[in-house]
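First comes the structure, then the notes that go with it.
Basis for what follows: all heavy atoms, side chains included, without hydrogens, waters or symmetry-related copies. We name chains A, B, ... by the order of the sequence lines, and we start the count at 1 in each one.
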Number of protein chains: 2
Amino acid sequence: MGRWAPGARGRLEYAALELYSERGFENTTVTEIAERAGLSERTFFRYFADKREVLFWGSQALQEFLARSVEEAPATASPLAAVTGALEKAASEIFEERRELLWRRQKIISANPELQERELIKLAALAKSITAALRRRGVQELPSSLAAEAGIAAFKVAFAAWAQGEGRSLAQVVRAAVEELERVAAQGAGAPDPAQSLAGAGGADGVGG
Amino acid sequence: MGRWAPGARGRLEYAALELYSERGFENTTVTEIAERAGLSERTFFRYFADKREVLFWGSQALQEFLARSVEEAPATASPLAAVTGALEKAASEIFEERRELLWRRQKIISANPELQERELIKLAALAKSITAALRRRGVQELPSSLAAEAGIAAFKVAFAAWAQGEGRSLAQVVRAAVEELERVAAQGAGAPDPAQSLAGAGGADGVGG
DNA sequence: TAGAGTCATGGCGGTTGCTGTCATGACTCG
DNA sequence: CGAGTCATGACAGCAACCGCCATGACTCTA
């Protein structure tokens, strides 16, 4: 494999993180990133589909990690247990050791809606991948989706707290969030208003206004 | 208020929906949308922040509707009950009567990742708004976030099924999803593997690999 | 009815993200 | 040493999006 200086992708990632930190995502041009990495703009777009993707390149590996963890969970584990186990595993084995990088990265993302959009679609991809892994465990479609989405929702909340400077480890925060979620769900959502449940069974009328 | 032909915004929305349907989002230029609406490209960007936003203009109203519904839920309702009640109310009062429009719109969104990103951030905004409404009911931050995110997660799954041609009403599908979510959460996520819970309490080691 | 003010719109020029295409030069292998 | 592969660069071009200013429709008031 012919190459000039090695690690072009890594250099681009590093340069982008620096520049996004220094002057913000919007005030950074792709040309500037490429220049700092000693490459051309054209080459940037050969490594990353767009200007945002440079911050999300690791998500593919995370997705595979989570899918594998879910599949390898003990056969006795409930769907949600398999999911949260995988998330805690990722938290301690992947996230914790990159704490500073992730905090920095999150600060950039929090400052920009376009980057938040990208982050959300990556989270959605994780949920989809987890759903597929649960299905491979023999779980039905609906509970698979819901366990995956609920798990990701808890992770999202936990990660936000952790990235803002929580003292506890991410795995701990994730666990606390999942336990709280179970409590919230256990309180039930059964017909808060009689009219509601009738409308649910019959149609749109009865609640209309 | 000086005006030429009324309903410029509506004409742009309509033209965009048509063109996105006909030839896809990517193969449609803003100039084409504006032309079909009898306006200029420049004017399009006065009404909509970008090319995607034209499909999501109603989400602000939905957000306010949900926040109000959550606040007005009976005082006895649990957080999740308040949220799902609001979602079912929106389903029957807002979504059902625009079924065909929404299905068409969803087909466009499903075909394009950029639009999916936008949809996800709108859903996240709904969750944030619902979280704030729960807080106003006196609910703590963590359960507020989780009830909101879990409710939106259930709605997301339900809406996807409904928009693909489910026979039942959206409110019914939402209710079924929430009930399934409760079941999934009730099975618990408690330590599927003894090593997991130790790791959660202690640190990253113990699970490491 | 005329003049002033408001406001939606159009037109224009510019920046930037992103792409297709082709040339170049580094590296590998025989 | 020559041929082939492959990462890169250079260039041209499109479309999204924005700032700026002009224009003309509409309203209000005297």
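- Using a cutoff of 4.0 Å between basic side-chain nitrogens and carboxylate oxygens, A/Glu18 and A/Arg104 are scored as salt-bridged.
- Distance, B/Glu114 CD to C/dC18 P: 9 Å, rounded to whole Å.
- The pair A/Glu149-B/Lys156 meets the salt-bridge criterion, with a side-chain N (NZ, NE, NH1 or NH2) lying under 4.0 Å from an Asp/Glu carboxylate O.
- Spacing between atom CG of B/Asp50 and atom C1' of D/dA15 amounts to 13 Å, rounded to whole angstrom units.
- Within residues 33-46 of chain B, the residues approached by DNA chain D to less than 4.0 Å at the level of any non-hydrogen atom are B/Glu41, B/Arg42, B/Phe45, B/Arg46, in residue-number order.
- With the end axes of the helix from C/dT1-D/dA30 to C/dG30-D/dC1 each set by five pairs, the angle from one to the other reads 10° at 10° resolution.
- Between B/Lys122 and B/Glu119 there is no salt bridge, since no side-chain N of the basic residue sits under 4.0 Å from a carboxylate O of the acidic one.
- Results of the side chain to side chain contact (heavy atoms under 4.5 Å, CB included) test with B/Tyr20 over B/Asn112, B/Val54, B/Asn27 single out B/Val54 as the only residue that passes.
- Salt bridge B/Arg36/B/Glu22: present, at least one basic N to carboxylate O contact under 4.0 Å.
- For the pair B/Phe48 CZ and D/dA16 C1', the computed distance is 16 Å after rounding to whole Å.
- The shortest distance between the side-chain N/O atoms of B/Tyr47 and the OP1/OP2 oxygens of C/dA8 is not below 4.0 Å.
- By the 6.0 Å and 45° rule, A/Arg105 stacks over the aromatic ring of A/Phe56.
- Within a heavy-atom distance below 4.0 Å of DNA chain D, no residue of residues 19-27 of chain B is found.
- Classification of B/Glu114 and A/Arg118 as a salt-bridged pair fails, no side-chain N sitting under 4.0 Å from a carboxylate O.
- For A/Glu179 and A/Arg175, the salt-bridge test passes: some basic side-chain N is under 4.0 Å from an acidic carboxylate O.
- Ion pairing between A/Glu117 and B/Arg52 holds under the 4.0 Å rule for side-chain N and carboxylate O.
- Ring pair A/Trp162/A/Phe159 is tilted by interplanar angle, where 30° to 60° counts as tilted.
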